[in-house]
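Down below is the structure, laid out as structure tokens.
One-based numbering, in listed order, for ligands and for the atoms of each. All residue numbers refer to positions in the sequence shown, counting from 1.
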Amino acid sequence: MAGSHHISRRDFIKITTAAVGTAIGAAIGLPTIAYLIDPALKAGTTDAWIPLGKLVDFEVGKPTLATFTRSKVNGWEKSVNSYGVFVLRTSDTEALALSNKCTHLGCHVNWDTDKQEYICPCHDAQFGINGDVLGGPPPRPLDRFSGDQVKVEDGTLLIHFLEG
Ligand code: FES
């Protein structure tokens with residue numbers, strides 16, 4: 001009789017210890033796991049409205065480069081990328097924004113005021129003021145932000161940016 005009491009007390013302690021351990025694990029472990037998983041979940045967020053500056057600060061008819069950075073979380077790895085967009089203000093309320101990344105192999109294009117063209121220094125491509133290919137190897141125009149990818153809020157120009 002005494003033996004079986006002894007065993008059941010030990011079992012009781014084992015069960016109690018396991019239960020307390022589980023409770024502590026739940027209290028401490030779950031927030032830790034949620035914290036560790038969180039960066040992985042955020043990896044899916046790759047689009048955002050990016051403010052490029054006050055619209056009035058961009059000269060009408062003259063492409064002006066605006067730059068911004070985006071940090072990207074891939075699992076536990078964080079990287080920061082820089083991007084450039086040429087803003088061509090077309091009126092008091094509207095603007096066209098063009099990526100400065102050449103559609104051939106990704107070099108950065110420059111605006112040449114004299115020629116009124118974007119020039120890619122890598123393989124001598126030329127693009128018109130609206131981004132159309134005028135010469136060289138690029139297969140398509142510069143990536144363009146227009147229509148519902150551009151908006152002006154409280155005087156600030158924003159583009160809807162999708163990170164590839
Ligand atoms: Fe621009 Fe080749 S990368 S022309």
Report task. Answer yes or no for His123: is there an N/O/S atom below the 2.8 Å cut-off from atom 1 (Fe) of ligand 1? Result -> no

Report task. Could you tell me whether atom 1 (Fe) of ligand 1 has an N, O or S atom of Cys107 under 2.8 Å away? Result -> no

Query raised in the report: Does His104 bring an N, O or S atom to under 2.8 Å of atom 2 (Fe) of ligand 1?
Result: yes

Query raised in the report: Can you check side-chain contact (heavy atoms from CB on, under 4.5 Å) on Asp47 and His160, steps first, answer last?
Result: CA-CA 7 Å; Asp47 73 307; His160 189 229; 2.9 Å; yes

Requested in this report: Work out the angle at atom 1 (Fe) of ligand 1 between SG of Cys120 and SG of Cys102, rounded to 10°.
Outcome: 110°

Report summary line: For Ala125, the atoms of ligand 1 under 4.0 Å from one of its heavy atoms are 4 (S)

Query raised in the report: Quick one: are the Cys122 and Cys107 sulfurs under 2.5 Å apart?
Result: yes

Requested in this report: Using a 4.5 Å cut-off on heavy atoms from C-beta on, say whether the side chain of Phe68 contacts that of Ile159.
Outcome: yes

Query raised in the report: Any side-chain heavy atom of Leu52 within less than 4.5 Å of one from Val85?
Result: yes

Query raised in the report: Among protein heavy atoms, which sits nearest to atom 3 (S) of ligand 1, and what does the distance come to when rounded to 0.1 Å?
Result: Leu105 N, 3.3 Å

**Report entry** Whether Gln116 side chain and Thr113 backbone form a donor-acceptor pair below 3.5 Å
**Finding:** yes

